[in-house]
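What follows is a single structure, written as C-alpha cells, with notes after it.
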Amino acid sequence: MPIESEKMTNSKETSTAVQEQRFRYWNETRPINQGTPTTTETYTLEKTLRNMKSGLEQIGSSVATTVKESAFDYLTYDEFKPICDQILADSDFQKSTIAIDLKSGIDLYKQFLIEYHQKEDDYEKFAYLLNFFVEHNNENVRKKEEKKEGSKEDQGLSHTCSTQEDFVEYWRNHGYPELQREFNILSTGMDFTLWFFKNGAYATPNSTYMNVNGTYLNIRPSFHEESKIIAELRAGWHPVRSEAWQKKMPALSCTVEDLDLSAKKPNALVKQMLDLIVQLDKINKSKHHNMTSEQYSKLSERAKQLLEVRNIIFHGAPGTGKTTVARKIAAELLCVDYDNEEQLNAQLNESHQYEFVQFHPSYDYTDFVEGLRPETTATGNVGFQLYPGTFTKFVNEARTNPDQNFVIVIDEINRGDLSKIFGELFFSIDPDYRGKKGSVDTQYANLHSLAYKERGGLDAGQKFYIPENVYIIGTMNDIDRSVDSFDFAMRRRFTFIEITAEESASALDGTPNGGRAKSLMTSVNSKISEFLGTDYILGVGYFLKIAQSVDEDAPLELWKNHLEPLLTDYLRGMDDADGKLQEMHEAFDKSDSSNAKDESAQGDAAPTTGSDSGSSEA
C-alpha cells in the first residue's frame, strides 16, 4: 500500500515533485475521477500543476504573471484561496479561450487541498485514538495492581465500556473532560468505539478492543505476559466472527513502540494502519452495496433484490400501495429511520439521495434528461438556455458521492412515452451497463458549457453514464390502458414484482375496523374476479378509511362515492352490466351486515366473560 510523504512544516519548502507525488497518491485512492478538465489530452493529477502554470503564462495578464510562480507552492487551502480568487476575477483570464480548462484545473487543485488535509487530520485523530486506547488500558492495569496490594481479595475494576451512542460524552464524564466532540469520527464518516472490560488484560481474551462501528473490523491488542500492558496492536477483521472472505483479507500488526503514538505527528506505520482499515471498510461496503454488514442484514428481501438487479417495477391492482412499498424500500437502502409514514415522506424528501418523479403523457426528455428552456436575458430579450433534467442532476449527485446509495422512484412509469423520455439512455439504464462502460452522448452534448455544468449538468465533452450506486424503482397499474404500449426494450431492463391485493391487506392490521374493512374488500374482489378477472381487483387503498373510521355510515359512503363509479366504468359495455353491478353491491352489503352482527355478538358476550372472571377472583 503506498505511503504518502511526510507533511513538511513549512509549506513554502514543498517542491513540485512532492506535490505531484501527493497528486498521484490522491488520484489512485479516489473512488472516481471527477471534475477532470475538458481538454483533448487526458488530464492526470500529476500534470495539473504544470499545465495550470503554463496556461497562466499564455494569458499574460498582470495578475496571472504575479501569481503564476507562487500560486501552487502553497499546501493549505486558506493560503491558496485568495490567490485563486485573484486569478478567477482577472478580466484577461475571464476572456481567455482556455479559461474553462484552467478553472476546472483550479477547482480540482482546491478539492485536492481540502481532501488532502482532511486525510492528514484523520491520521492525527487515529493516532490520538490509538494512544488513548493504549494509555487507558495501561492505566486500568496499574489501578488493578494497586487494588491487589491493598486488599487480600482481588476486587478488579468496575465494568467500563462505551457504546456508539453518546460516545464522547461517556468519556468526557469519566475522567477525560478535555476530549473534543466527534474525536472518534473521521472525515469519511467512519467512527470508532473503544471497549474496555473489567480487568483489562486479565479478562477473557478479545474483550478489550477498538471497533469500526457497524462492522467486525477492529484493532485488537496483545499484552505483555508479565506487566499486562499492551505490547502490540493488530488491525483487521475479527478472527472468528467475520465472514469467510473477510478472514482471507490482509491484516497489519505493529508493536506499540514502532507506532510511536506519543510523537507529535503520526508516523508511516500509523498511516499505513489507517489506510488498511479504510481499504477493508471500502471493500466491505462494496460487497454490501455501500452499507455496513449490520445495515445489510436488516434489509427486507425486496430491498436486497433491488440491490442486486438495480431496476425494479412494482405492478398490481389499483390501491395496493405500490408507491408506499417503493418509498419504504428506498428508506431501507438509504438507512432512513422513521416512526410513521408522514415522517418517512418528510425525511426522504429532504434527502439528496432520493428523488421522486411521476410520468404522464406530456412528460418528456427535456424534463428528465436535458433540454432547452426559455430564459429572459438582462436586456429583456427571451432566449433559450440548456438546462439539465431531473435525472441528470440526480445522477451527477450520485457520481460525486460514490460511497452512498441513491434511489429514484418513478411513479406511474407506464403513463409516459418511455422512448421519448429516456431517449439514448435505454442503453445506460441497463443493469449490465452501469458505470463508464455504459457511457453515451446525450442529444445536446454539443451545447454543454460551464454555465450548463453550474446548473447541475455535465462537463463539456463528458459522456452520460449511470453509476452503480443508483437504483430505480418504478410503479404501474396492471389495468392501465397504457400498459400494452410499455416498451419491450425497457421491460427487459427491469425486474417486475407484483404487489397483490392480499398482500396489501396487511396494512389494515392494527386499525380500529381492520377486520370489517378486510371482509368488505374480500367480498367485492371475489365478485370482480368472477366477472372481470384478477387484474381488476381492488387494493387496500380503497378500504383504509373504513379501517380507520368508527363511523357506521363509512361503508355506504365508500360504495356511493368510490366503488360504484369505478365498477360502473369497469363493467361498461359488458352484457348485463347493471345486473353484475347489483350482485357486487349485494355481496358488499351482505359482508357488511354479517360483520356488524359478529361485532354485536362479541359485544353481548363481553360482560358475561368479565362477570365470570370477577366471580372467580372473588
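Basis for what follows: all heavy atoms, side chains included, without hydrogens, waters or symmetry-related copies.
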ask   = Is there a donor-acceptor pair closer than 3.5 Å between any side-chain N or O of Asn311 and the backbone N or O of Arg493?
value = yes
request  = Any chance you could lay out the side-chain contact (heavy atoms from CB on, under 4.5 Å) test for Leu274 and Val278, step after step, and finish with the verdict?
outcome  = CA-CA 6 Å; Leu274 179 57; Val278 170; 4.1 Å; yes
request  = Establish, yes or no, whether the cationic atom of Lys247 lies under 6.0 Å from the six-membered ring centre of Trp237 and within 45° of the ring axis.
outcome  = no
Smallest separation among heavy atoms of Ala127 and Val270, with atom names = CB-CG1, 3.9 Å
task = Please indicate whether Lys298 has more than 12 foreign heavy atoms, meaning atoms of other residues, nucleotides or ligands, lying under 6.0 Å from its NZ.
result = no
task = Taking all non-hydrogen atoms of both residues into account, name the closest pair between Asp339 and Gln343 and its distance.
result = N-OE1, 2.6 Å
request  = List the atom of Val369, the atom of Thr442, and the distance in Å for their closest heavy-atom pair.
outcome  = CG1-CG2, 4.3 Å
query = Are Asp275 and Tyr123 linked by a side-chain donor-acceptor pair shorter than 3.5 Å?
reply = yes
key: Any side-chain heavy-atom pair of Arg234 and Leu252 under 4.5 Å   = no
query = In Å and rounded to the nearest 0.5 Å, what is the CG to SG distance from Asn267 to Cys254?
reply = 8.5 Å
query = Run the side-chain contact (heavy atoms from CB on, under 4.5 Å) check on Glu243 and Tyr216 step by step: do they pass?
reply = CA-CA 9 Å; Glu243 300 178 32; Tyr216 287 120; over 6 Å; no
query = Okay, side chain of Gln347, backbone of Asp337: is any donor-acceptor separation there less than 3.5 Å?
reply = yes
request  = Could you walk me through whether Phe133 and Trp195 pass the side-chain contact (heavy atoms from CB on, under 4.5 Å) test, one step at a time?
outcome  = CA-CA 9 Å; Phe133 176 71; Trp195 293 85; over 6 Å; no
message = Contact between Phe223 and Asn137 at the side-chain level, heavy atoms closer than 4.5 Å - yes or no?
response = yes
inquiry  = Just verifying a value: how many Å separate Gln404 CD and Glu397 CD, rounded to the nearest 0.5 Å?
reply    = 8.0 Å
query = Which class fits the ring pair Phe406 and Phe394: parallel under 30°, tilted 30 to 60°, perpendicular over 60°?
reply = perpendicular
request  = Quick one: pull up OG in Ser222 and CG in Leu233 and give me the separation to the nearest 0.5 Å.
outcome  = 8.0 Å
key: Check: Phe314 and Glu498 side chains under 4.5 Å, non-hydrogen atoms   = no
key: Val256 vs Glu232 side-chain heavy atoms within contact, under 4.5 Å   = no
Thr193 side chain to Asn213 backbone, donor-acceptor under 3.5 Å = no
query = With side chains defined as the heavy atoms from C-beta onward, is the minimum distance between Ile497 and Gln305 less than 4.5 Å?
reply = yes
Check: Arg220 main-chain N/O paired with Asn218 side-chain donor or acceptor under 3.5 Å = no
4.5 Å side-chain heavy-atom contact, Asn211 and Leu194 = no
task = Compare all side-chain heavy atoms of Val540 with those of Thr320 and state whether any distance is below 4.5 angstrom.
result = no
task = Supply the atom-to-atom distance Thr323 OG1 to Ile473 CD1, rounded to the nearest 0.5 angstrom.
result = 10.5 Å
remark   = side-chain contact (heavy atoms from CB on, under 4.5 Å) with Ile312: of Leu306, Thr475, Ile472, only one passes, and it is Leu306
query = Do the non-hydrogen side-chain atoms of Arg434 and Arg310 ever get within less than 4.5 Å of each other?
reply = yes
inquiry  = Return the CZ to CG distance between Arg492 and Asp430, rounded to the nearest 0.5 Å.
reply    = 5.5 Å
key: N/O donor-acceptor pair under 3.5 Å between Asp411 side chain and Gly474 backbone   = no
Asn290 side chain to Pro402 backbone, donor-acceptor under 3.5 Å = yes
key: Electrostatic pair Arg302:Glu503 at N-O distance under 4.0 angstrom   = yes
task = Taking only Lys NZ, Arg NE, NH1 and NH2, and the carboxylate oxygens of Asp or Glu, determine whether Asp403 and Lys282 approach each other closer than 4.0 Å.
result = no
inquiry  = Main chain of Leu186, side chain of Asp122: is a donor-acceptor contact present, judged purely on distance under 3.5 Å?
reply    = no
ask   = Could you state the interatomic distance from CD (Glu308) to OH (Tyr471), rounded to the nearest 0.5 Å?
value = 8.0 Å
note = Closest non-hydrogen atoms of Tyr296 and Lys304, given as atom of the first, atom of the second and distance, are O-CE, 3.3 Å
message = Between Asp281 and Lys285, does any side-chain N to carboxylate O distance fall below 4.0 Å?
response = yes
request  = List the atom of Gly236, the atom of Leu280, and the distance in Å for their closest heavy-atom pair.
outcome  = CA-CD1, 4.1 Å
ask   = Should the pair Phe192 and Phe126 be assigned to parallel (<30°), tilted (30 to 60°) or perpendicular (>60°) ring geometry?
value = tilted
message = Quick check against the 3.5 Å criterion: does Asn396 have a side-chain atom that pairs as donor or acceptor with the backbone of Gly456?
response = yes
request  = Would you tell me whether Gln246 and Asn284 have side-chain atoms, one donor and one acceptor, within less than 3.5 Å of each other?
outcome  = yes
task = Look at the rings of Phe368 and Phe422 and say which category their plane angle falls in: under 30° parallel, 30 to 60° tilted, over 60° perpendicular.
result = perpendicular
request  = Report the C-alpha separation of Ile313 and Met476 in whole Å, then their side-chain angles, then the decisive distance to 0.1 Å, and conclude whether the side-chain contact (heavy atoms from CB on, under 4.5 Å) test is met.
outcome  = CA-CA 7 Å; Ile313 287 181; Met476 58 185 282; 3.6 Å; yes
inquiry  = Looking at every heavy atom in both Val395 and Pro467, which two are closest together, and how far apart are they?
reply    = CG1-CD, 3.6 Å
inquiry  = With a 3.5 Å distance limit and no angle check, can you tell me whether Arg327 reaches the backbone of Leu344 through a side-chain donor-acceptor pair?
reply    = no
message = Quick one about His289 and Glu468 (side-chain donor to acceptor, distance below 3.5 Å, no hydrogens or angles considered), yes or no?
response = no
message = Can a donor-acceptor pair be found, under 3.5 Å and without considering hydrogens, that links the side chain of Glu332 to the backbone of Ser300?
response = yes
